[in-house]
Amino acid sequence: MCGSVGYIGDKQATPILMNGLLSLEYRGYDSAGIAVIENNEITVMKDKGRVANLKAIDGIDTLTSQVGIAHTRWATHGKPSKENAHPHVDNHNQFAVVHNGIIENYHELKEFLTQKGYHFISQTDTEVIPNLIDYYYKNGISDEDPFLRAVKSAVDNLKGSYALEVISKLFPDRIIVVRKDSPLVIGKGKKENFVASDIPAILAYTKDFYLLDDYEYAVIKQDEIHFYDNTLLEHSKAIKNIEWDATSAEKNGYEDYMLKEIYEQPNSIRETIGSRLKLGEPCSFDDLDFTKEYLDTIHQIYIVACGTAMHAGLVGKTALERLCHIPVQVDIASEFRYRDPIIDEKTLCIYISQSGETADTLAALKLAKSKGAKTLAISNVIGSSITREADYTIYTHAGPEIAVASTKAYTSQVVLICMLAIHFAEILDCKQESVLENLKSDILDLPTKIEAVLDKAEEVQKFAKKVYTEHDMYFLGRGTDYHVAMEGSLKLKEISYIHSEAYAAGELKHGPIALIENGITVITILTNPDLVEKSISNIQEVITRGAKTLVVTNQKLSNVNFDYVINIPETNELISPILSVIPLQLLSYYISKNKGLDVDKPRNLAKSVTVE
Ligand code: AGP
């Protein structure tokens, strides 16, 4: 939530900060601002709304400064407004700060500072930070590094989560940054350096990154970057080369990132499979060293995640249980962390997160570690917080996902967890080789089959045109089809603002069927041959009550009276969600387009949820 970017170098800072903000808007988009040091003074420009509003501010193009920080906000404390937009400055306009995260004790800090004579303009939690820095700067006792020491003293008082970028007109040659539970990366350039909350913001300028750790400080100058621990002891830090190329975070001719990412799925799945899975060879993961002795001790697996990643976990549960015969529980991270789950060293906890930064998932991971469980992260973002905290990490390698609505990350998560299940089954030697080999062959066929599903886009588009004005829709399925129904329903809600519910088809008669009335749209996923007849009966029940039906199926259906049918290729039930979800992704996309909505940046949402 919220995006921030900073620049110091030999070029004009504003255009670089603006580009960074534009590529970070998916993290928050209710207000934006920049602060630069211009003629020895801090100049702040900010406005409510999108980065476009900020860009339109008179005089912003004429700023010549070569150092600055910028922010695009997803409001937590204080409504979206110009006053509440970041950057925030202290009362004496000496320090400017951008902040991602939440300062939980800001009331206390405000009271303390008010007693010391400070006043506040915004309703944000952030405004206490530049004033605390100012306070400690004035009351500092050391001549050595007074700016860094003042930032550190201020930070020592903060409770909550933060990624901070600070500039000062007294020290125009540096940006000071620090983080706790909120991401921050530093990009190294030639005669210039960058900082950002997220890699895509600065990917156009560098591929060399330092990933800041919790409680770690960095002083970033044009030609040097210094790192300090929590006691301000300087240390060196390894640089990471990030393989993503800048164009992979651009639209490449597509109208929206979401559409681009839907169409990238044949390739993203290829990348996820990589060299890990080959016919006739054991499935291998370079970063895992699980042994039969260890896996034999595991008596349960937990999969913990949020939103779409949790839906991928539900599909993964079936694969792990069927192939490895280990009981699997799937939990929502925000529930798991507060319900004292029964876990111990015989539990393996798997955390799925595209961003690797979701606050609840990260907290749930730390909880499991503290109880002695082994933790495994599945993430798309190299070096993200969750991957650094987990005992093991496997990456989806789906490439940057920019649209708020997750699409290619989901399909990559599903295929990866299925491959993990094969890997465990091979180590445990608990499943017939032919079963695993057939599944491997089906996985390898996925990219071609996804292409065949994408060819159905026009059919989906036509259906979207017929239903986009509706207010309620229902999604049904059984088994993994039900889990896909949940994902389809979430996609529809988040980008088209149509109320929808997903139900296990067999549950319909236990209440929800009361909602079915003339003309209501019911979408059913039908891919499991063993359950087809049962689901067809459920569809008949809604047709009888006047529902309009769309069925996504890989079965050859005859004598059916459904209104619309989207046929998709057949595949193993464990991975059929990868194919059946695509018409649902396209449906929510086209409905949103028909309604004239902003597909990539739906209202009230942000891409990575780094606050509780
Ligand atoms: C998906 O379309 C959503 N935007 C959301 O549910 C998302 O999947 C969830 O917030 C988890 O994010 P993560 O994968 O980055 O942890």
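Counting convention: from 1, in listed order, for ligands and their atoms alike.
- For Arg388, the side chain to side chain donor-acceptor pair (under 3.5 Å) criterion is met by Asp213, not counting sequence neighbours.
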Can you pull every nitrogen or oxygen pair between ligand 1 and the protein closer than 3.5 angstrom?
from: ligand 1; atom 1: 2 (O); to: Thr308; atom 2: OG1; distance (Å): 3.4
from: ligand 1; atom 1: 2 (O); to: Ser406; atom 2: N; distance (Å): 2.8
from: ligand 1; atom 1: 2 (O); to: Lys491; atom 2: NZ; distance (Å): 3.0
from: ligand 1; atom 1: 2 (O); to: Glu494; atom 2: OE1; distance (Å): 3.3
from: ligand 1; atom 1: 2 (O); to: Glu494; atom 2: OE2; distance (Å): 2.3
from: ligand 1; atom 1: 4 (N); to: Val404; atom 2: O; distance (Å): 2.9
from: ligand 1; atom 1: 4 (N); to: Glu494; atom 2: OE1; distance (Å): 3.2
from: ligand 1; atom 1: 6 (O); to: Thr308; atom 2: N; distance (Å): 3.3
from: ligand 1; atom 1: 8 (O); to: Thr308; atom 2: N; distance (Å): 3.2
from: ligand 1; atom 1: 14 (O); to: Gln354; atom 2: N; distance (Å): 2.6
from: ligand 1; atom 1: 15 (O); to: Ser355; atom 2: N; distance (Å): 2.9
from: ligand 1; atom 1: 15 (O); to: Ser355; atom 2: OG; distance (Å): 2.7
from: ligand 1; atom 1: 15 (O); to: Thr358; atom 2: OG1; distance (Å): 3.4
from: ligand 1; atom 1: 16 (O); to: Ser353; atom 2: OG; distance (Å): 2.6
from: ligand 1; atom 1: 16 (O); to: Thr358; atom 2: OG1; distance (Å): 2.4

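- For Phe424 and Phe290, the distance between ring centers is under 6.0 angstrom.
- Ring geometry, His499 versus Tyr474: the interplanar angle exceeds 60°, so the pair is classed perpendicular (tilted spans 30 to 60°).
- Within a 6.0 Å sphere centred on NZ of Lys466, other residues, nucleotides and ligands contribute 12 heavy atoms or fewer.
- Looking at Thr524, its side chain never comes within 3.5 Å of a backbone N or O of Leu476 through a donor-acceptor pair.
- Heavy atoms of other residues, nucleotides or ligands lying less than 6.0 angstrom from NZ of Lys465 number 12 at most.
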